[in-house]
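None of the values given here were measured: they were computed from a predicted structure.
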Amino acid sequence: MIVALKTLFSLVVAIHGLIHWMGFAKAFNFAEMSQLTQPISRFQGLIWLLAAVLFLLTIPVFLLRQNWWWLIALPAIAISQFIIICSWQDAKFGTIANVIVLVVIVLSWSVKF
């Protein structure tokens, strides 16, 4: 059961991280992203990239049972939520993923996960 939950959590984090790659790709015109209707500057695109890298880096550290995985995930959440607020119309549902990651962080502090 625990393995399934860790796998599910890792999948949520991976998908969320990959969605952040979309903002980076749009900002640098690497791909047309019709899902993102608001313009994204190159500076904002770098912030999207930073969030993506942090989320994707969280996964192996989490799966390797490093107790400090949350030190990567927490700034990823903060950066992600900032991006979401700036692009609310397009990205508001990303808040759900951020809340899921935050809940797992809180649970891991209280329970040996």
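Partners of Ala91 under the side chain to side chain contact (heavy atoms under 4.5 Å, CB included) rule, at least two apart in sequence or in another chain, are Ile84, Ser87. With sequence neighbours left out, the side chain to side chain contact (heavy atoms under 4.5 Å, CB included) criterion links Leu18 to Trp21, Leu56. Residues that satisfy the side-chain hydrogen bond (donor to acceptor under 3.5 Å, both in side chains) test with Trp109, not counting sequence neighbours, are absent from this structure. Partners of Ile15 according to the side chain to side chain contact (heavy atoms under 4.5 Å, CB included) rule, which considers only residues two or more places apart in sequence or in another chain, are Leu11, Ile19. Under the rule for a side chain to side chain contact (heavy atoms under 4.5 Å, CB included), the partners of Phe28 that lie at least two apart in sequence or sit in another chain are Phe24, Phe30, Arg42, Leu46. In this structure Thr37 satisfies the side-chain hydrogen bond (donor to acceptor under 3.5 Å, both in side chains) test together with Asp90, sequence neighbours excluded.
Using modelled atom types, no side-chain atom of Lys26 and backbone atom of Pro39 make a donor-acceptor pair closer than 3.5 Å.
Linking ILVMFWY residues whenever their side-chain heavy atoms come closer than 4.5 Å, directly or via other members, leaves Leu8 and Val103 in distinct clusters. Under the 4.5 Å side-chain heavy-atom criterion for Ile, Leu, Val, Met, Phe, Trp and Tyr, Phe43 and Ile40 are members of the same hydrophobic cluster.
Interatomic distance, Trp70 CH2 to Ile72 CD1, rounded to the nearest 0.5 Å: 11.0 Å. To the nearest 0.5 Å, the span separating CH2 on Trp69 from CG on Asn67 amounts to 10.5 Å.
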Carefully, step by step, assess Lys6 and Arg65 under the rule side chain to side chain contact (heavy atoms under 4.5 Å, CB included).
CA-CA 10 Å; Lys6 285 184 176 185; Arg65 297 181 174 190; 3.5 Å; yes
I would like to know whether Leu36 and Trp48 meet side chain to side chain contact (heavy atoms under 4.5 Å, CB included); could you show each step before the answer?
CA-CA 12 Å; Leu36 301 174; Trp48 282 71; 4.1 Å; yes
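Residues Ala27 and Ser41 approach most closely at CB-O, 3.3 Å, considering heavy atoms. The minimum heavy-atom distance between Ile59 and Ser10, with the atom names listed, is CD1-O, 3.7 Å.
Evaluated for a side-chain contact (heavy atoms from CB on, under 4.5 Å) with Ile77, the options Ile100, Thr58, Val101 yield exactly one hit, Val101.
In this structure, Phe82 has its ring center at least 6.0 angstrom away from the ring center of Trp88.
Counting only residues at least two apart or in different chains, side-chain hydrogen bond (donor to acceptor under 3.5 Å, both in side chains) contacts with residues 72-85 comprise His16-Ser80, His20-Ser80, Ser80-Asn98, Gln81-Thr95, Gln81-Asn98.
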